[in-house]
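To find a chain, count down the sequence lines: A is the first, B the second, and so on, and within it residues start at 1.
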Amino acid sequence: KNEVEQSPQNLTAQEGEFITINCSYSVGISALHWLQQHPGGGIVSLFMLSSGKKKHGRLIATINIQEKHSSLHITASHPRDSAVYICAVRKTSGSRLTFGEGTQLTVNP
Amino acid sequence: NAGVTQTPKFRILKIGQSMTLQCTQDMNHNYMYWYRQDPGMGLKLIYYSVGAGITDKGEVPNGYNVSRSTTEDFPLRLELAAPSQTSVYFCASSYSSSSYNEQFFGPGTRLTVL
């Protein structure tokens, strides 16, 4: 079983919809990262968080340390949000990132 | 700043050939990483470096070698290419290994071994 599990694997939405992508992990962590991989392949960091909630524009990330769960929300989705969203955790026992398999999001106009 | 740059963008190799994937960063980052991304799989760490002259194995190091002679450069060497090494390779860097240090990724190299 993967230490980092994302759901759903694939998600199709209509423009304007509220989107939620989930990430569950089974190890102790010091931080959780959300990344976005563009259709062209480039990867950028969206959020790093260890507790609570962070917001950047239409994106909101939350984490519940007790439940070992994080969510990435996109409000008022737009076709340009179409990408793969990747969850990664930094374990308390090490310095490397462990990645989930990613969620492919497609937002249709 | 260019950030993290990788060359080449694409490459096709024959089984048994060798090649070096180049990675350069201009952010004066100490930490550099090589990942591979296979379809439907999460990024897997191949090798990483905590500074010039220091490298260490990641999860999937077999078939690869690295060196770090300067802060800026972290090349990845494939000595005897095998079809199992067909993948997209990403180089990344960060200032430190602190939990709150963002990793910056290069654009990737798509490698096919036939």
Worksheet entry | Close side-chain approach of B:Q103 and A:H33, heavy atoms under 4.5 Å |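 No, side chains not in contact.
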hydrophobic_cluster_shared for [Y] and [X], side chain cutoff 4.5 Å:
X	Y	result
B:I46	B:Y31	no
B:V60	B:F90	no
A:L105	A:L46	yes
B:Y35	A:V84	yes
A:V89	B:M41	no

Worksheet item: What part of B:L43 lies closer than 4.5 angstrom to a heavy atom of chain A: side chain, backbone, both or neither?
Response: both
Discussion item. Quick check on B:Y48 against chain A: is it the side chain, the backbone, both or neither that has a heavy atom closer than 4.5 Å?
Written reply: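 For B:Y48, side-chain heavy atoms alone lie under 4.5 Å from chain A.
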Discussion item. Heavy-atom pairs under 4.5 Å with chain B - which of A:V44, A:T98, A:L97 has more of them than the others?
Written reply: A:L97
Discussion item. Need one label for A:L35: side chain, backbone, both or neither, based on atoms under 4.5 Å from any heavy atom in chain B.
Written reply: side chain
Worksheet entry | Minimal non-hydrogen separation, A:I43 against B:F105, with atom names | O-CB, 3.6 Å
Worksheet item: Going from CD on B:Q37 to CD on A:Q37, what distance comes out if it is rounded to the nearest 0.5 angstrom?
Response: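 Here the interatomic distance stands at 4.0 Å.
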Worksheet item: Does atom CD of B:E79 have more than 12 heavy-atom neighbours, drawn from other residues, nucleotides or ligands, at distances under 6.0 Å?
Response: yes
